Structures are given as structure tokens and as C-alpha cells.
Amino acid sequence: MSLPLWRMVNSVVPPDSVASEVASEVAGADAGAATGTEAGEDAAGPPRTHVSLATALRIPVVVLVIIAFFAYCALESTVILWAATYLVGDRGVDAATAAAFASLFLIGITGGRFLAGFFADRVGDRALIRGGFVMVGVGVVMLALPLAVLVALGLVMSERLGRVVDAAR
């Protein structure tokens, strides 16, 4: 059982150098299977192939995705673990306020994960990734700014957002 949206994804075709090896692995798995569903065929859809870890690691893009995922997890864990400490120690924010901001970060991450798939369907994967890089860059620049400038920038942005919402009504 799976979400219906998962069936909308195009299957990934490995490079020609790996395709013949994948085909031989699938043929070997199909030969010993007792039923159609055990042979990699889903009862609700087209036959599926299984690629071993060694075969997948020979696809150059897979290694890059693993490295990018590791870097993302390292960055996210660092922010989760050190955000409150950084705000209290370097920015002079009250401990309770820093903890609240760290909690808001976690709420934002959770909400973003729920909404990212639907948003990516509307704007496309590349636009979503590029927008994410831009937002990370803006965040890094904002960390370098003094707290007073950030408060003023937040007030200006909230006032502009209020105008946009009012105009939309």
C-alpha cells in the first residue's frame, strides 16, 4: 500500500554502464520467484526492479545525493543543537526567548517538510532547490547583522506583508 502520489513519479533509469547489470540482477530474481508479486511485480502497478547497494553506488549521482544528504543532516543538527546557545551566548538574547526561537525553528522544519512536496509540485524541483539555497544565503547574511538591524528588517517586512495581505482582500 502506498500513497497515490508516489505512482506519479517517473522511474529512474540508470546509465547504460549500470543498466545491463541491473537487468541481470532482476532476471536472476525473477527466475527463482514463486509468484508475480515476489518477482518484484506490484499487484497495483508495473513490475519494479531492485538495485543492490553496490550497483546503486556505481551510479555517480547517487554518491552526490548521499553527500548532499549528509551535509544537510549535519547542518540541521548543528542548528537544532546550538541555536539557543548561540542566541544566548553571542547575541545576548534571554534564555527563554532563545529556547522559544529554537522551538520555532523545529516547528518550521516540520511544517516545511509537510508542505515541500505540494509546493514542489507547483513550482518544480529546481525552483524549490534554488529558492532554498537563496533562503540559506539570506539566513547566513542575517546572522552577520546586528540584532537591532534584524528587528528593524523584521518590522519592515511584516509591514510590507500586511500591505500585501490587505491588498489581496
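Just so we're clear, the structure is a prediction, and the values are computed from it rather than from any experiment. Along the sequence shown, residues are numbered consecutively beginning with 1.
Trp82 pairs with exactly one of Ile80, Thr78, Val79 by the side-chain contact (heavy atoms from CB on, under 4.5 Å) rule, that one being Thr78.
In terms of hydrophobic clustering, with Ile, Leu, Val, Met, Phe, Trp and Tyr side chains grouped at heavy-atom distances under 4.5 Å, Ile109 and Val136 are assigned to different clusters. Under a hydrophobic clustering in which Ile, Leu, Val, Met, Phe, Trp and Tyr are joined whenever their side-chain heavy atoms come within less than 4.5 Å, directly or via other members, Leu53 and Ile66 fall into the same cluster.
When hydrophobic side chains of Ile, Leu, Val, Met, Phe, Trp and Tyr are connected at separations under 4.5 Å, Val65 ends up clustered with Val61.
In this structure, the separation between OG1 on Thr110 and CZ on Phe105 is 9.5 Å, given to the nearest 0.5 Å. Note that the CG atom of Leu128 and the CG atom of Asp121 stand 10.0 Å from one another [nearest 0.5 Å]. Glu76 contributes atom CD, which lies 10.0 Å from atom CG of Leu81 (distance to the nearest 0.5 angstrom). Between atom CG of residue Asp94 and atom CZ of residue Phe101 there is a gap of 10.5 Å, rounded to the nearest 0.5 Å.
Looking at every heavy atom in both residues, Ala83 comes nearest to Ala102 through CB-CB, 4.4 Å. When all heavy atoms of Val88 and Ala98 are compared, the pair lying nearest together is CG2-CB, 3.6 Å. Between Val63 and Leu57, the shortest heavy-atom distance links the atoms CG2-O, 3.5 Å. Across all non-hydrogen atoms, the minimal contact from Asp125 to Ala120 is OD1-CB, 3.8 Å.
With a 6.0 Å radius and a threshold of 12 heavy atoms from other residues, nucleotides or ligands, Tyr72 has its OH atom above the threshold.
Checking side-chain atoms of Ser77 against main-chain N and O of Cys73 turns up a donor-acceptor pair under 3.5 Å. For Thr97 (side chain) and Val93 (main-chain N/O), no donor-acceptor pair under 3.5 Å exists by modelled atom type.
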Give the C-alpha distance, both sets of side-chain angles, the deciding distance and a yes or no for side chain to side chain contact (heavy atoms under 4.5 Å, CB included) between Phe119 and Leu115. CA-CA 6 Å; Phe119 191 66; Leu115 297 175; 5.5 Å; no
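Every residue was checked against the side chain to side chain donor-acceptor pair (under 3.5 Å) condition with Arg126, not counting sequence neighbours, and none meets it.
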